[in-house]
Number of protein chains: 2
Amino acid sequence: MLAEPEIIARIQERGLRVTRPRRQIVRAVLSQTGPFSAEELLVRLHGNGIAAGRATVFRTLDLLVELGVLDRVHHPSGLHRYVLAGLDHGHYVVCSRCGAVADFNGCNVDDLIAAVVAQTGFRIDGHWLELFGLCAVCQNDTAANCSAAAAG
Amino acid sequence: MLAEPEIIARIQERGLRVTRPRRQIVRAVLSQTGPFSAEELLVRLHGNGIAAGRATVFRTLDLLVELGVLDRVHHPSGLHRYVLAGLDHGHYVVCSRCGAVADFNGCNVDDLIAAVVAQTGFRIDGHWLELFGLCAVCQNDTAANCSAAAAG
DNA sequence: CTATATGCAAATTCTTTGCAAATCG
DNA sequence: CGATTTGCAAAGAATTTGCATATAG
């Protein structure tokens, strides 16, 4: 996970300006402990007395994804969410129940793709992997609720 | 993957009515070879002279997800898309250029999932893997046409 | 000082909802 | 027949865009 000075440096390297809103958004993003949506970030900023506009938040979020600071993930509901990158390969599992996100390092998607290339002769330019499931917490949670629901 | 009669049966089992639009949408959905959006399905229906409304398409899509006929997945862009359920072990690659489809059975997605489970503690209930690329034919085709645009 | 970035609000895009009329069983 | 479904179009969410103004460098 990148630190603020490095991110600022990357912005400058791109020939972009280090503006006040960008600094504020970078800082707010770095303080996130889990996945968040653009709207949630905006609310948080406003709560901290930072009056950034929606558009600026969306634009800066896109910038941070491009800079490799954030990864975009999708909640089962379809909401766009963001998580700090720096986790391995950019692959995540999203809990269908509570939205918790976990990354899996050392994933062998690349091996899988190599195998597919060998089998099909296709040239693979990209891939989209989505895993559905329940995090450890929700597994227990569900087990408790399931017995009640399933008992009927 | 379920067949039409089974799906119709499931609808009836739920005490729901087997209406003409539902039949038509089920049929159209079953003929899909890859992931599709609600809008794409609507266009396809209209192209076949079936004048179903947007709302009905969305509602029926939701129903089919509930019935386990479809899985809802998310395109990287954020679009909601749908795929026939039960394809978990018959992954395929679609050629971005000519639409050729190749499947790669015996893939090691299961190994990948096992690793993810070990690493994250998540219970993985399903997965969707989509690969983008060019088939062998189009790789050559593209190489040849690169200088002289598509000669279709 | 000049070009970039901001912020607002309107525009887009995708999806859902309300309700009268059509339809299934 | 009576309750469920449909289809339309308007309502809603989420995100993007246009443009005058503020501001970084």
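The figures that follow rest on heavy atoms only: side chains count, while hydrogens, waters and symmetry mates do not. Naming: A, B, ... by sequence-line order, numbering from 1 per chain. Keep in mind it's a predicted model, so treat the numbers as computed, not measured.
Comparing the end axes of the helix from C/dC1-D/dG25 to C/dG25-D/dC1, each fitted to five base pairs by superposing C1' atoms of four pairs onto the next four, gives an inter-axis angle of 40° (nearest 10 degrees).
Residues that satisfy the salt bridge (Lys or Arg N to Asp or Glu O under 4.0 Å) test with B/Glu39, not counting sequence neighbours, are absent from this structure. Evaluation of the side chain to side chain donor-acceptor pair (under 3.5 Å) rule for A/Glu4 yields A/Arg27 as partners, not counting sequence neighbours. For A/Arg54, the salt bridge (Lys or Arg N to Asp or Glu O under 4.0 Å) test picks out no residue, with sequence neighbours left out. Every residue meeting the side-chain contact (heavy atoms from CB on, under 4.5 Å) condition with B/Arg14, not counting sequence neighbours, appears here in chain and number order: B/Leu16, B/Glu66, B/Leu67. The side-chain contact (heavy atoms from CB on, under 4.5 Å) test applied to B/Thr19 returns B/Arg17, B/Pro21, B/Arg22, not counting sequence neighbours. The side-chain contact (heavy atoms from CB on, under 4.5 Å) test applied to A/Asp62 returns A/Arg72, A/Tyr82, not counting sequence neighbours. Qualifying side-chain contact (heavy atoms from CB on, under 4.5 Å) partners for B/Ala3, counting only residues two or more places apart in sequence or in other chains: B/Pro5, B/Glu6.
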Within the sub-3.5 Å range, which N or O atoms of nucleotides 21-25 of chain C have a protein N or O partner, and how far apart are they?
unit_1, atom_1, unit_2, atom_2, d
C/dC24, O2, B/Arg17, NH1, 2.6
C/dG25, OP1, B/Val18, N, 3.1

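Residue contacts for B/Arg54: at a heavy-atom cut-off of 4.0 Å it reaches a base atom on one of the strands shown.
Near DNA chain D, defined here as any heavy-atom distance below 4.0 Å, the residues from residues 55-64 of chain B are B/Ala55, B/Thr56, B/Arg59, listed numerically.
Residue A/His80 has a polar side-chain atom (N or O) positioned under 4.0 Å from OP1 or OP2 of D/dT15.
The heavy-atom pair separating A/Gln32 from A/Leu84 by the smallest distance is O-CD1, 3.8 Å.
The interatomic distance linking B/Gln24 (CD) with D/dG7 (C1') rounds to 13 Å, in whole Å.
For residues 28-38 of chain B, no pair satisfies salt bridge (Lys or Arg N to Asp or Glu O under 4.0 Å), with sequence neighbours left out.
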When the side chains of residues 43-53 of chain B are checked against the rest of the protein, which donor-acceptor pairs come out under 3.5 Å, sequence neighbours left out?
unit_1, atom_1, unit_2, atom_2, d
B/Arg44, NH2, B/Ser31, OG, 3.2
B/His46, NE2, B/Ala52, O, 3.0

